Asks: 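Supplied in structure tokens, the structure appears directly below.
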Number of protein chains: 2
Amino acid sequence: MSAKLFPAHKARMSDVARQAGVSLVTVSRAINTPDKVAPATLAAVRAAVECLGYVPNLMAGSLASNRSRIVAAIVPTIANLVFSETIEALTQALAEDGYQLLLGQSRYRPETEAALVDTFLGRRVDGLVLTGIDQPERLRAKLRRAGLPIVQTWDLPGPGEPAPIDMLVGFSNLAAGQAAARHLASRGHRHMAFIGADEARSRQRLKGFAQAAPDKVEAELIAAPAPIDAAAERLARLVERRPGITAVFCNNDLLAAGVLFACQQRGWAVPGRLAVMGFGDLPIARAAAPQLTTLCIDRAAMGARAGQLLLARLAGGGGAPPCDIGFEVIPRGST
Amino acid sequence: MSAKLFPAHKARMSDVARQAGVSLVTVSRAINTPDKVAPATLAAVRAAVECLGYVPNLMAGSLASNRSRIVAAIVPTIANLVFSETIEALTQALAEDGYQLLLGQSRYRPETEAALVDTFLGRRVDGLVLTGIDQPERLRAKLRRAGLPIVQTWDLPGPGEPAPIDMLVGFSNLAAGQAAARHLASRGHRHMAFIGADEARSRQRLKGFAQAAPDKVEAELIAAPAPIDAAAERLARLVERRPGITAVFCNNDLLAAGVLFACQQRGWAVPGRLAVMGFGDLPIARAAAPQLTTLCIDRAAMGARAGQLLLARLAGGGGAPPCDIGFEVIPRGST
DNA sequence: CTGAAAGCGCTAACAC
DNA sequence: GTGTTAGCGCTTTCAG
């Protein structure tokens, strides 16, 4: 409780002001709007700052200016490349304008997400990035009332689904699932299977997949977060239930890589005996042999775009229409 | 009697106080230390909070109390499972005590790291988690002067290396490299190669690996962040330069998986023609075929421990000695 | 271009 | 238990 809580950022703005022989306000301006200060004054202030080792207290500044320059993001988990790559790009985009990222993990739980939102609102973050569009109405209402810029990501509302809370950048998981099925069908497959996490967006892709598949789809849903080492075991179950399947759509390239290894062990040719399709176009997709056919989602673009939308709004810009970043089937050797 | 309707978060504590018929301080206590408030008062305050949709301004609270309840962490990139899993555990540990995580990415650049530190100090974060121990002396000095709790992670200073800035939880990358070489040697290998990122900790592991290898080690260093799809190409280079190599140590399990696929394409038996060892014990290690022998680092424990060290110090506890979380060679089929 | 005054919304001492 | 009095360190008006 003693000295440790009152560490070395001892110098305040008033100390710098005294040292530089100017007023406190001038120091503030020298720091925030240097071009509105006379060169000589600026130099004096900078010298004083240097000399005292002054570090501006952004917390106090935020309180006074009502702008925290902090944006919060909530993802189910950061320990999943699809989300961490999005967050990487988002952080980068924000950093360019001097914004920092407060990270929250919902662990796929709505209550946790709601609790995180409360905390973030309390911290007066300037903006919020959410994963998915399946927030409960109660939360959506609260967020709308809060009136801060919000970007929902990773999904697009279909007909009948609630409108975005504010801004949105995503893609249709339903359409992605359909595209996967159509790709496999185009390669002559009829009996398809699905392995994915038991979670909203994955289920949405399964729905689309099943819609567009020529035959009934056999599915294995793994409790999220999906452990990819489950691949071999899930494949085994699938094959036991439906020996005739000739193609499997894995909702994550890592899972698909696991299936590739499992096929290798079974002595199954890919795509001869089983076609394997992944999701994400993670680096492993190209490193695999055969290379993975996959659904490419531009995660970096999604994160960057989310950041840009927020920054534009924070800079006084108007709203932007929902942004569909789309997806692309990347045909490679595994199908 | 009836409450004014406040636009979201426009209600201040004084509004709640008036509505509840108590003083502002009482509201503060009701929120922060409910057990120091009479039940009836508490109920009245809570009703008022509910009725006004009051969300406490944590920013103002932080300024007044000089505690932000925010911890910052800097990693090279979050788009790498080894770091994102550490951050996941850290975030989780902090959340349990009501702390949030501000995330910074250095992109393996010391200047970026230094700039992030400045910002975070300005934000008066309560603690800081750093990746690695190779911060320049200038930065170390600044951080020591700052006097806030700091945990360095992912490494352990060897003899002659600078002492920790404050607290530390890591493992010896040098020893890890040595252990890898010894494991491969124990399997009868003499001609070993290394593929890894061109970055401090990876180089440290290479150093240990080379020290303990019976013969000269052939190395391929990939500019960080290492794209894992480079695996096949790097393996090709290695083999071209030293056809006699029989074992390769990859500094990341994903890279190792890529090498496994490359071997498959070459028709090389693993471990018959080439033994492959990974690093990290990521989920893919067990999903691979053959399963990957790897160096297991308990990243979740490291992140959690970092959080606990910080929380303990913030709760008034004393310092803790450097914590070596160690590593473990997990022998599996690939060697 | 610079300065003086007036808070931002809350917590921390102290009183009562 | 509860209230009163002071700030936390900065940014904003608004003067000059």
Side-chain angles (χ1 to χ4, degrees), chain A residues 1-2 5-45 48-49 52-70 119 121-126, chain B residues 6-45 48-49 52-70 98 119 121-126:
Chain A
M1 287 296 264
S2 52
L5 289 182
F6 302 97
H9 318 290
K10 215 185 166 277
R12 292 154 304 162
M13 201 174 255
S14 57
D15 298 321
V16 176
R18 195 180 323 114
Q19 169 88 8
V22 296
S23 84
L24 186 151
V25 212
T26 303
V27 176
S28 174
R29 284 207 266 279
I31 290 171
N32 300 308
T33 52
D35 33 283
K36 295 195 168 183
V37 167
T41 318
L42 188 55
V45 171
V49 164
L52 295 176
Y54 171 67
V55 181
N57 186 328
L58 301 178
M59 199 129 232
S62 298
L63 179 60
S65 67
N66 202 30
R67 279 158 72 257
S68 62
R69 290 200 165 260
I70 291 184
T119 315
L121 291 181
R123 290 211 186 273
R124 299 299 190 265
V125 297
D126 287 343
Chain B
F6 280 93
H9 324 280
K10 293 310 180 196
R12 293 153 305 162
M13 201 174 253
S14 57
D15 298 318
V16 177
R18 193 178 327 113
Q19 169 87 9
V22 297
S23 83
L24 186 153
V25 216
T26 303
V27 176
S28 174
R29 286 203 196 82
I31 290 170
N32 300 307
T33 52
D35 33 283
K36 294 194 167 185
V37 166
T41 318
L42 188 56
V45 171
V49 164
L52 296 176
Y54 171 66
V55 180
N57 186 329
L58 300 178
M59 199 130 232
S62 298
L63 178 62
S65 67
N66 202 29
R67 278 157 73 257
S68 63
R69 289 199 166 260
I70 290 184
T119 315
L121 290 181
R123 290 211 186 274
R124 299 300 190 267
V125 298
D126 287 344

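What you are looking at is a predicted structure, and each value in this text was computed from that prediction instead of being measured.
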Asks: Can you measure A/D15 atom CG to D/dC8 atom P for me and round it to whole angstrom units?
Replies: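 Rounded to the whole Å, the gap is 11 Å.
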
Asks: Mind listing the closest non-hydrogen atom pair of A/A48 and A/A20 along with its distance?
Replies: CB-CB, 3.9 Å

Asks: Could you check how far CG of B/L63 sits from C1' of D/dC8, rounded to whole Å?
Replies: 4 Å

Asks: Round to the nearest Å and state the distance from A/N66 atom CG to D/dT13 atom P.
Replies: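 In whole Å, D/dT13 P and A/N66 CG are 12 Å from each other.
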
Asks: For the atom pair CG (B/L58) and CG (A/L63), what is the distance rounded to the nearest 0.5 Å?
Replies: 11.5 Å

Asks: State whether A/T41 places a side-chain N or O below 4.0 Å from either non-bridging phosphate oxygen (OP1 or OP2) of C/dT2.
Replies: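 Checking C/dT2 against A/T41, a side-chain N or O does come within under 4.0 Å of OP1 or OP2.
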
Asks: Using side-chain contact (heavy atoms from CB on, under 4.5 Å), reason through B/V55 and A/R124 one step at a time and then give a plain yes or no.
Replies: CA-CA 10 Å; B/V55 180; A/R124 299 299 190 265; 3.9 Å; yes

Asks: Quick check for you: to the nearest 0.5 Å, what is the distance between A/R123 atom CZ and A/I70 atom CD1?
Replies: 8.0 Å

Asks: Please determine if a side-chain N or O atom of A/S23 lies less than 4.0 Å away from the OP1 or OP2 oxygen of C/dT2.
Replies: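 For C/dT2, neither OP1 nor OP2 has a side-chain N or O of A/S23 closer than 4.0 Å.
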
Asks: So how far is it from A/L52 CG to A/M13 CE, rounded to the nearest 0.5 Å?
Replies: 12.5 Å

Asks: Which ranges of DNA chain D pair up as stems, where a stem means three or more consecutive Watson-Crick or G-U pairs with both distances under 3.5 Å?
Replies: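 Expected stems, ordered by start: C:1-11 with D:6-16, C:13-16 with D:1-4.
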
Asks: Please report, rounded to the nearest Å, how far the C1' atom of C/dC8 is from the CG atom of A/D126.
Replies: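 That distance rounds to 15 Å.
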
Asks: Could you run down nucleotides 10-16 of chain C 5' to 3' and tag each one B, S or - for protein heavy-atom contact under 4.0 Å?
Replies: BBBB---

Asks: Round to the nearest Å and state the distance from A/K36 atom NZ to D/dT12 atom C1'.
Replies: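 Taking atom C1' of D/dT12 as the reference, NZ of A/K36 is at 12 Å.
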
Asks: What is the distance, to the nearest angstrom, from the CG atom on B/L52 to the P atom on C/dG9?
Replies: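 Value for this atom pair: 14 Å.
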
Asks: If you measure from OG on B/S68 to CG on A/N57, what distance do you get to the nearest 0.5 Å?
Replies: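 Atom-to-atom, B/S68:OG and A/N57:CG are 9.5 Å apart.
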
Asks: Enter the distance from A/T26:OG1 to A/L24:CG here, rounded to the nearest 0.5 Å.
Replies: 8.5 Å

Asks: Please report the distance, rounded to the nearest Å, between CD1 in A/I31 and P in D/dT12.
Replies: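 Checked: the CD1 to P distance equals 13 Å.
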
Asks: Could you go through the side-chain contact (heavy atoms from CB on, under 4.5 Å) check for B/V45 and B/V37 one step at a time?
Replies: CA-CA 10 Å; B/V45 171; B/V37 166; 5.8 Å; no

Asks: More than 12 foreign heavy atoms under 6.0 Å from CG of B/N32: is that the case here?
Replies: yes

